[in-house]
Amino acid sequence: MKKPFFITTPIYYVNDKPHIGHAYTTILADVFARYYRKKGAPTLFLTGLDEHGQKVQEAAKEKGLSPMEHCNKMVPQFTNLWDKLHISNDDFIRTTEPRHKKVVQMILNKVFESGDIYEAEYEGLYSVSEERFITEKEFETGQFRDIKKLKEKNYFFKMSKYQERLIQHIKENPKFIQPNHRKNEILGFLRKPLNDLCISRPKSRLNWGVELPFNSEYVTYVWFDALINYISAPGYDEDHGVSKDWWPASHHLIGKDILTTHAVYWPTMLMSAGIDLPESIFAHGWWLMGDSKMSKSIGNVVDPINLIDDYGVDPVRYYLMREMVLGQDANFTIELFKSRYNSDLANDFGNLLSRVTTLINKNFSGKIPNPGDLDTSEINIKNDSISLCLSFDELMKNMRLNEAIELVIRFISGVNKYMEQNAPWKLVKEDKRAAGKVLYTAGEALRISALLLSPVMPNRTKTLLDILDAFDSNQKWGGLKPGTQLNDHAPLFPRIK
RNA sequence: GGCGGAGUAGCUCAGCUGGUUAGAGCACCGGAAUCAUAAUCCGGGUGUCGGGAGUUCAAGUCUCUCCUCCGCUACCA
């Protein structure tokens, strides 16, 4: 059996308005999940929502709802978007679910029993108006009033105890934190002594959370709660640990803003609980909306999500996946979107399909012609397709999705060249059989390209494969069945003016 | 301040352990073709590889230094 593939997105904060960042991470996970499923690996793609914490409690109060009612109302904001984006998650976890809270308490107990939790006074800057402790950084912004120093009894997790082990682990597992510059950041961070982590909040201040199993006067700190979703969803119990079917996770995909929690808090929590660490934590970059001067206040920001209504989901997914080098920031503008769409999808890919199907319709009454004996140029295309598939897999394994996509388009471009060189529209007048061979070859190339791009654009590639009646075919050369009647179709990627 | 990353064609970027005339895509100009979504194909780049110095037979690629931009420097979620 193939190695299982377990990929996660962060659980998004239920109070947030979903934006391009949420969409990007989730599509990215979706593409990898679809890719591995197609490869035949047992796949678990998990996303969900983080529903506890001060802000939820406050927002609910403002609306005169219970926190739970408030959360239930917010959930569709996300799930509707996932539907719209054709996200194929296998599970959707909410931290308010019993199956999750149970595990959080089990882990808290486990860590407690390991002797890694102790009581102490927490002293910090407390904002009376905000009713919460604020960070040094927040204090420096000067945006908070009524600040005083406050002491409070709390529980702490001995994170510092695992510092050396964590450093060791990061060094021994180069893929644990990716990309490399993020790993360096964390190693830099770990050069200074780690503080212990305050993991409790007294209910007098905050009661919307998971109760500490060893003191019912407290709930646990949201991060301690949230991170555990990665094991509560696949399943955890005290006797067997995390479900062996899925753990350790293959990738935790995250935004760079939550690297520390994932690369420091989470692994040390797992160490204390005696659980293996995930295989990799991958922090991607952010989408910059064109000129950074563009801002919401000016109101000229184009939300890429709106592009879906105009141009369809698949082109938007394509753009996001093709344009961002995983791990770096990227720019989003309508101009770039259109340019990428037209040159890659309309001109190269979609247009090639039109050329091939039109020629087959005109000259072969719409039936896929016979491949015949392959000549050098056909063998070249065939070999290109074989090496394309190999390179594609290699790049996907290394999280170089944008390059993988680029290779496919390059291959398509080569097929356009091949069409030009062999000119089946001329050839058909002299040697119909030879023309058929060219069209078969180009059709095969389209079929294989569509299969490769299907995790990125599941709908449009299905349309293409259906036209060729090859939806269930595989990447091996020769999947098109001669004599198959082509299905009618409109341009696959109509050009945008 | 400390640590880390980046500065390569108009734009977006490739260039691993130093080695033939520094590359790709897009855009742009010229031509060919006309099966196709006016799409495609061919041809066209004298780029101070951020500045300066150094190591070397040889540096975009290593060292030093300077300039510019960015990220991290935790316990809000």
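Protein chains get the first letters and strands the later ones, always in sequence-line order, with residue 1 at the start of each.
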Legend entry - Quiz item: cation-pi between Lys153(A) and Tyr218(A), 6.0 Å / 45°: no
Legend entry - Separation between the C1' atoms of rU68(B) and rG51(B), rounded to whole Å: 11 Å
Legend entry - Length of the CG-C1' vector between Asp257(A) and rA74(B), whole Å: 13 Å
Please list each protein N or O that sits under 3.5 Å from an N or O in nucleotides 6-17 of chain B, with the distance.
| residue | atom | partner | partner atom | Å |
| --- | --- | --- | --- | --- |
| rA14(B) | OP1 | Gln328(A) | OE1 | 3.3 |

Inset, instruction - Please confirm whether the backbone N or O of Ser413(A) pairs with a side-chain atom of Tyr418(A), one donor and one acceptor, at under 3.5 Å? - result: no
Inset, instruction - Only counting residues at least two apart or in another chain, list the ones meeting side-chain hydrogen bond (donor to acceptor under 3.5 Å, both in side chains) with Asn154(A). - result: Glu152(A), Ser200(A)
Legend entry - Residues Asn370(A) and Arg433(A): side-chain donor-acceptor under 3.5 angstrom: no
Inset, instruction - Using a 4.0 Å heavy-atom cut-off across all strands, classify Asp16(A) as base, sugar-phosphate, or nothing. - result: nothing
Legend entry - Side-chain donor/acceptor of Ser272(A) to backbone N/O of Met269(A), under 3.5 Å: no
Inset, instruction - Please report, rounded to the nearest Å, how far the P atom of rG5(B) is from the CZ atom of Arg182(A). - result: 12 Å
Inset, instruction - Could you give the distance separating rC42(B) and rG5(B) at their C1' atoms, to the nearest angstrom? - result: 41 Å
Legend entry - Atom C1', compared across rU21(B) and rG60(B): separation rounded to whole Å: 16 Å
Inset, instruction - Could you tell me whether the side chains of His252(A) and Ser280(A) share a donor-acceptor contact shorter than 3.5 Å? - result: no
Legend entry - Nucleotide of rA77(B), rU37(B), rC76(B) approaching Ala346(A) most closely (side-chain heavy atoms): rU37(B)
Inset, instruction - Give a yes/no on whether any side-chain N or O of Tyr221(A) is located under 4.0 angstrom from OP1 or OP2 of rA77(B). - result: yes
Legend entry - Nucleotide of rA77(B), rU73(B), rC26(B) approaching Ser339(A) most closely (side-chain heavy atoms): rC26(B)
Inset, instruction - For Asn72(A) and Arg94(A), test the side chains for any donor-to-acceptor distance below 3.5 angstrom and give the result as yes or no. - result: yes
Inset, instruction - Among the candidates rA39(B), rA24(B), rA77(B), find the nucleotide nearest to the side-chain atoms of Arg495(A). - result: rA39(B)
Legend entry - Pairing pattern in dot-bracket form [Watson-Crick, G-U; both distances under 3.5 Å; | = partner strand] for RNA chain B: (((((((..((((.....[...)))).(((((.......))))).....(((((..]....))))))))))))....
Inset, instruction - Could you check whether Asn195(A) gets within reach of a base, just the sugar-phosphate, or nothing at all, counting any heavy atom under 4.0 Å? - result: base
Inset, instruction - Have a look at Leu259(A) and say if it touches a base, only the backbone sugar-phosphate, or nothing, with a 4.0 Å heavy-atom cut-off. - result: nothing
Inset, instruction - Specify the separation, in whole Å, of atom CG of Asn402(A) and atom P of rC26(B). - result: 16 Å
Legend entry - Within 6.0 angstrom of Asp310(A) CG, more than 12 heavy atoms from elsewhere: yes
Legend entry - P spacing across the pair rA22(B) / rC29(B), given as an integer number of angstrom: 27 Å
Inset, instruction - Determine yes or no for a side-chain-to-main-chain donor-acceptor pair under 3.5 angstrom, with Trp208(A) supplying the side chain and Glu51(A) the backbone. - result: yes
Inset, instruction - Counting heavy atoms from C-beta on, name the nucleotide in rU37(B), rU73(B), rC75(B) closest to the side chain of Lys192(A). - result: rU73(B)
Legend entry - rU17(B) versus rU63(B) - spacing of their P atoms, nearest Å: 11 Å
Inset, instruction - Look at the side chain of Glu430(A) and the backbone N and O of Leu427(A), then say whether any donor-acceptor pair between them is shorter than 3.5 Å. - result: no
Inset, instruction - Assign Lys417(A) to base, sugar-phosphate, or nothing according to its heavy-atom contacts below 4.0 angstrom with the strands shown. - result: sugar-phosphate
Inset, instruction - Provide the distance between the two C1' atoms, one in rU12(B) and one in rC28(B), to the nearest whole Å. - result: 16 Å
Inset, instruction - Could you tell me whether Pro179(A) contacts a base, only the sugar-phosphate backbone, or nothing, with contacts defined as non-hydrogen atoms closer than 4.0 Å? - result: nothing
Legend entry - Lys161(A): side-chain hydrogen bond (donor to acceptor under 3.5 Å, both in side chains) partners, not counting sequence neighbours: Asp116(A)
Inset, instruction - Using a 4.0 Å heavy-atom cut-off across all strands, classify Phe189(A) as base, sugar-phosphate, or nothing. - result: base
Inset, instruction - Please answer whether the main-chain N or O of His19(A) pairs with a side-chain N or O of Tyr24(A) as donor and acceptor at a distance below 3.5 Å. - result: no
Inset, instruction - Establish, with yes or no, whether the OP1 or OP2 oxygen of rC3(B) is under 4.0 angstrom from a side-chain nitrogen or oxygen of Arg191(A). - result: no
Legend entry - Side-chain N,O (Lys183(A)) to OP1/OP2 (rG4(B)) below 4.0 Å: no
Inset, instruction - Would you mind reading off the distance between Ile405(A) atom CD1 and rG25(B) atom P, rounded to a whole angstrom? - result: 18 Å
Legend entry - Phosphate OP1/OP2 of rU40(B) contacted by Asn347(A) side-chain N/O (<4.0 Å): yes
Inset, instruction - Using a 4.0 Å heavy-atom cut-off across all strands, classify Leu194(A) as base, sugar-phosphate, or nothing. - result: base
Inset, instruction - Pick base, sugar-phosphate or nothing for Arg322(A), based on heavy-atom distances below 4.0 Å to the nucleic acid. - result: nothing
Legend entry - Test item: Phe157(A) and Tyr118(A) side chains (from C-beta on) under 4.5 Å apart, heavy atoms: no
Inset, instruction - For Ile258(A) and rG71(B), give me the distance from atom CD1 to atom C1', rounded to whole Å. - result: 16 Å
Could you write out each protein N or O paired with an N or O of nucleotides 31-36 of chain B at a distance under 3.5 Å?
| residue | atom | partner | partner atom | Å |
| --- | --- | --- | --- | --- |
| rC35(B) | O3' | Lys362(A) | NZ | 3.3 |
| rC35(B) | O2 | Arg355(A) | NE | 3.2 |
| rC35(B) | N3 | Arg355(A) | NE | 3.3 |
| rC35(B) | N3 | Arg355(A) | NH2 | 2.6 |
| rC35(B) | N4 | Arg355(A) | NH2 | 3.0 |
| rA36(B) | OP1 | Lys362(A) | NZ | 3.2 |
| rA36(B) | O2' | Asn351(A) | OD1 | 2.4 |
| rA36(B) | N3 | Asn351(A) | ND2 | 3.2 |
| rA36(B) | N3 | Arg355(A) | NE | 3.2 |

Inset, instruction - Using the C1' atoms only, state how far rG7(B) lies from rG19(B), rounded to an integer number of Å. - result: 25 Å
Legend entry - Check: Ser387(A) side chain, Asp384(A) main-chain N or O, donor-acceptor pair, under 3.5 Å: yes
Legend entry - Length of the line joining Asn184(A):CG and rC3(B):C1', which is rounded to integer Å: 10 Å
Legend entry - Value in whole Å for how far the C1' atom of rC26(B) lies from CD of Glu406(A): 11 Å
Inset, instruction - Between rG54(B) and rA27(B), how far apart are the P atoms? Round to whole Å, please. - result: 44 Å
Legend entry - Test side-chain hydrogen bond (donor to acceptor under 3.5 Å, both in side chains) applied to Arg182(A) - qualifying residues, sequence neighbours left out: Glu185(A)
Inset, instruction - Would you kindly give the CH2-to-P distance between Trp286(A) and rG5(B), to the nearest whole Å? - result: 20 Å
Inset, instruction - Look at the side-chain N and O atoms of Ser413(A) and state whether any lies under 4.0 Å from the OP1 or OP2 oxygen of rC41(B). - result: yes
Inset, instruction - May I ask you to say what Pro424(A) touches in the nucleic acid, namely base, sugar-phosphate or nothing, with a heavy-atom cut-off under 4.0 Å? - result: nothing
